[in-house]
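Convention: sequence-line order gives letters A, B, ...; per-chain numbering from 1. Heavy atoms only: backbone and side chains are in, while hydrogens, waters and symmetry mates are out.
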Number of protein chains: 2
Amino acid sequence: MEQIAEKKKAIFESTLELVKDNGFHGTPMSMVAKNAGVAAGTIYHYFESKENLLCELFSYIRKQMIEAVQQGDDESIPYKDRFFGVCMNLYWFYINNPNVLKFFEQFVNSPYNEKGSMSDDFNSLLFNFYQKGIKSGQIRNVTPEIASVLAHGNVITMAKIHTFGKIAFEDTDLKQILQILWNGMTNNQSTDQDT
Amino acid sequence: MEQIAEKKKAIFESTLELVKDNGFHGTPMSMVAKNAGVAAGTIYHYFESKENLLCELFSYIRKQMIEAVQQGDDESIPYKDRFFGVCMNLYWFYINNPNVLKFFEQFVNSPYNEKGSMSDDFNSLLFNFYQKGIKSGQIRNVTPEIASVLAHGNVITMAKIHTFGKIAFEDTDLKQILQILWNGMTNNQSTDQDT
DNA sequence: TGTGACCGAATGAACATTCAATTCAGAAAT
DNA sequence: ATTTCTGAATTGAATGTTCATTCGGTCACA
């Protein structure tokens, strides 16, 4: 990752924080500027427009997530363990960066995101990861999109409960939920045990 | 539900549709007015402000959801079947009202929602439903919030895949996922089946 | 002829963006 | 070592636009 000018970073962090608190609207550039300790014009030295600022911020975070999710991952360890590892990494990233979840939710349904439907390396990464699990027969034969969204969706849900509901999950709780998910996503056992 | 004036309903529907397409910002009152076939001033005959319009719209939809989710539900049928029924109802509501999901996501993280933290009868309904399942020992002993968000979260995820991913789920797919969830949420079976 | 629904041009505030002016760091010249 | 020069970084007041909201007036109907 290239060295980012101090100011630029400050603008990123301010934007992230303000968007969390005030939403997407409700954060005028003037406010970003004040909060970052720069003049309004300075932002336009680094970014073409508000839209551009938001898009760059999105990429900036996505890059961090790519790194975070791959921590300790390794092609050589068993797939199940990789699955757990990736999910846990993602979970902890959200926990440690609580502003990110809110920003994403705002961003995902916004004109900015829709426009160019920007390429999303992070998404591709997960996508490929699940595809591998499916091809090797370890994950039930669903499309990688479904696998990806189901797993990621549950991680996000957990992170939200944790962050907004202020409920403290332990690693064991998370593992338990992932185990449920894993059972469901893998091929062994789908027996119905009632009536 | 009280009878709603034609114009008022048109304003609701327009808002919902426009918010889906253009996001929350990006839908000026003038646009809502034009799309609803009324004058700008008319909106202010029915609603105090834009904020008020959005909040009323939220309640309006929530009321519909309360009805939708209870279709065919009945205290007398087995809890498991009620669980499946409620989830399926919710799923089909989202499928049949694809604008709603986007509107909610915008609404949930917005200044409007945060402010008064409005009472939400729909949420209470689900909450009580899960509480009942937990008290009667049919659902694993988690807080009702967790049960609620986990189940609802997965329904939403499925609905999103369906609506935005344009993947056609069958009822059987949905049932399969719900079965996985149910297995995970109930007490029997949580055995780890590897190494 | 009074009342309430409805209209839409006019108002004013908020905001993104611009730009002329200023500072600053370091390279080049002396 | 000191001065000069240059372009990049930074500033914040000014600009123009986009809206939410208002309000005086019209229309339909009792």
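Rounded to whole Å, atom C1' of C/dT11 lies 13 Å from atom OH of B/Y44. If you measure from atom NE2 of B/H45 to atom P of D/dG25, you get 19 Å, rounded to the nearest angstrom. Whole-Å rounding puts the A/K34 NZ to D/dT10 P distance at 20 Å. Counting to the nearest Å, the C1' atom of D/dC19 and the NE2 atom of B/H25 are 14 Å from each other. One can place CD1 of B/I43 at 12 Å from P of C/dG8, the figure rounded to the nearest angstrom. The distance from atom CG of B/L54 to atom P of D/dA20 is 10 Å, rounded to the nearest whole Å. Distance A/M29 CE to C/dC19 P: 16 Å, rounded to the nearest Å. The CD-C1' distance, from A/E51 to C/dT17, rounds to 14 Å in whole Å.
Side-chain contact, A/W92 with A/N97: no donor N or O sits under 3.5 Å from an acceptor N or O. Side chains of B/Y91 and B/H162: a donor on one and an acceptor on the other come within 3.5 Å.
Minimum atom distance to the side chain of A/K50 is reached by C/dT17, of the listed D/dT21, D/dG12, C/dT17. Minimum atom distance to the side chain of A/Y46 is reached by D/dA9, of the listed D/dA9, D/dG12, D/dA20. Residue B/P28 places its side chain closer to D/dA20 than to any other of C/dT17, D/dA20, D/dT11.
Note: B/W182 and B/F83 have tilted aromatic rings, judged against thresholds of 30 and 60 degrees for the angle between ring planes.
Residue A/T42 has no polar side-chain atom (N or O) positioned under 4.0 Å from OP1 or OP2 of D/dA9. Listed pair A/K7 / D/dT10 meets the phosphate criterion, a side-chain N or O lying under 4.0 Å from OP1 or OP2.
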Name the atoms and distances for all side-chain donor-acceptor pairs under 3.5 Å in residues 27-44 of chain B, with sequence neighbours left out.
from, atom 1, to, atom 2, distance (Å)
B/T27, OG1, B/F24, O, 3.0
B/N35, OD1, B/S14, OG, 3.0
B/T42, OG1, B/A39, O, 3.4

